[in-house]
Amino acid sequence: QVQLVESGGGSVQAGGSLRLSCGASGYPYSINCMGWFRQAPGKEREGVAAIYTGGGSTYYVDSVKGRFTISQDNAKNTLYLQMNSLKPEDTAMYYCAADYRVYPSCGVSRERYNYWGQGTQVTVSS
C-alpha cells in the first residue's frame with residue numbers, strides 16, 4: 001500500500017506559478033497511474049492531470065491544458081504539477097492520487113484511483 005503526501009501549495013496572484021509535489025512511500029514501485037485532482041468549496045472533486053508511470057503518457061483536463069504540466073521523478077518517487085498562468089478559478093484543495101491497476105488506461109477519472117493524499121491548498125487571488 002502506498003502513502004501519498006502533497007506539498008507546495010500556497011497563495012499567489014493571478015498569472016503566477018506554483019509547483020506541487022507528491023511524495024510516494026510504502027510500496028510505490030508498482031504504481032501504474034498517478035494523478036492530480038482538485039476540489040473547490042461546494043464543488044465535486046475533479047481530475048486535473050494524470051500520468052502513466054511506466055511510459056510517461058500524460059492526460060489533462062481541458063481547462064488546464066497549456067498551463068499545467070504533470071511530471072514524475074521515479075528515482076525520488078515524486079510526482080509534480082507545475083502550474084503556470086494561474087487563474088482565480090484554479091483555487092482549490094489539490095490532491096495527489098495513485099493506483100496499481102494496469103487497466104483501464106490512466107486518465108483523470110476519480111474512479112481510476114484508489115489511493116489519495118491529504119491535499120494541499122492553492123489560492124489564487126485576482
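FYI, side chains are in, hydrogens and waters are out, and symmetry mates aren't considered; it's all heavy atoms of this structure.
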**Q** What is the distance from atom CG of D99 to atom CD1 of I31, rounded to the nearest 0.5 Å?
**A** 9.0 Å
**Q** Can you name the nearest heavy-atom pair linking S126 to A14, along with the distance?
**A**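 What the structure gives for the nearest pair is CA-CB, 4.3 Å.
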**Q** Nearest 0.5 angstrom please: L4 CG to Y113 OH, how far?
**A**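 Rounded to the nearest 0.5 Å, the CG-OH separation comes out at 11.5 Å.
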**Q** Carefully, step by step, assess R38 and L81 under the rule side chain to side chain contact (heavy atoms under 4.5 Å, CB included).
**A** CA-CA 12 Å; R38 65 186 180 187; L81 185 68; over 6 Å; no
**Q** Mind running side chain to side chain contact (heavy atoms under 4.5 Å, CB included) on R112 and Y59 for me, showing each step along the way?
**A** CA-CA 13 Å; R112 185 62 181 84; Y59 310 80; over 6 Å; no
**Q** Nearest 0.5 angstrom please: I70 CD1 to M34 CE, how far?
**A**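 Nearest 0.5 Å value for the CD1-CE distance: 8.0 Å.
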**Q** What I'd like to find out is whether the side chain of S25 reaches to under 4.5 Å of the side chain of N77, using heavy atoms alone.
**A**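 No, too far: nothing below the 4.5 Å cut-off.
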**Q** Kindly give the heavy-atom pair with the smallest separation between C106 and N32, and that separation in Å.
**A**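 For C106 versus N32, the nearest heavy atoms are SG-O, 3.6 Å.
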**Q** May I ask you to decide whether K87 forms a salt bridge with D90, counting only side-chain N to carboxylate O separations under 4.0 Å?
**A**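 Salt bridge absent between K87 and D90.
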**Q** For side chain to side chain contact (heavy atoms under 4.5 Å, CB included), just list the numbers for T91 and Q121, CA-CA rounded to whole Å, side-chain angles, deciding distance to a tenth of an Å, and then say yes or no.
**A** CA-CA 8 Å; T91 295; Q121 178 68 38; 4.1 Å; yes
**Q** If every non-hydrogen atom of S17 is compared with every non-hydrogen atom of Q82, which pair is closest and at what distance?
**A**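 It is CB-NE2, 4.0 Å.
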**Q** Is L79 reachable from Y100 through a run of I, L, V, M, F, W or Y residues, each pair having side-chain heavy atoms under 4.5 Å apart?
**A** yes
**Q** Can you check whether F68 and W36 have ring centres sitting under 6.0 Å from each other?
**A**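 That pair fails the under 6.0 Å test.
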**Q** Given side chains that start at C-beta, do those of L20 and E6 come closer than 4.5 Å, heavy atoms only?
**A** no
**Q** Do R19's NZ or CZ and the ring of Y80 fall within the cation-pi criteria of under 6.0 Å and 45°?
**A**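 Cation-pi check for R19 and Y80: passes.
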**Q** Quick one: do W116 and V48 end up in the same hydrophobic cluster if we chain Ile, Leu, Val, Met, Phe, Trp and Tyr together by side-chain heavy atoms under 4.5 Å apart?
**A** no
**Q** Measuring from Q3:CD to Q118:CD, what's the distance to the nearest 0.5 Å?
**A**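 Between atom CD of Q3 and atom CD of Q118 there are 11.0 Å.
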**Q** What are the two closest non-hydrogen atoms of R67 and S85, and how far apart are they?
**A**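 Taking R67 first and S85 second, the nearest heavy atoms are NH1-O, 2.9 Å.
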**Q** Is V122 close to M83 at the side-chain level, that is, under 4.5 Å between some pair of heavy atoms?
**A** yes
**Q** Less than 4.5 Å apart, any side-chain heavy atom of Q13 and any of L86?
**A**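 Side-chain contact under 4.5 Å: no.
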**Q** Are Y95 and Y60 linked, directly or through intermediate hydrophobic residues, by side-chain heavy-atom contacts shorter than 4.5 Å (ILVMFWY only)?
**A** no
**Q** Which atoms form the tightest heavy-atom contact between V2 and A24, and what is the distance?
**A** CG2-CB, 3.9 Å
**Q** F37, Y115: one ILVMFWY side-chain cluster at the under-4.5 Å cut-off?
**A**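 Cluster IDs for F37 and Y115 differ.
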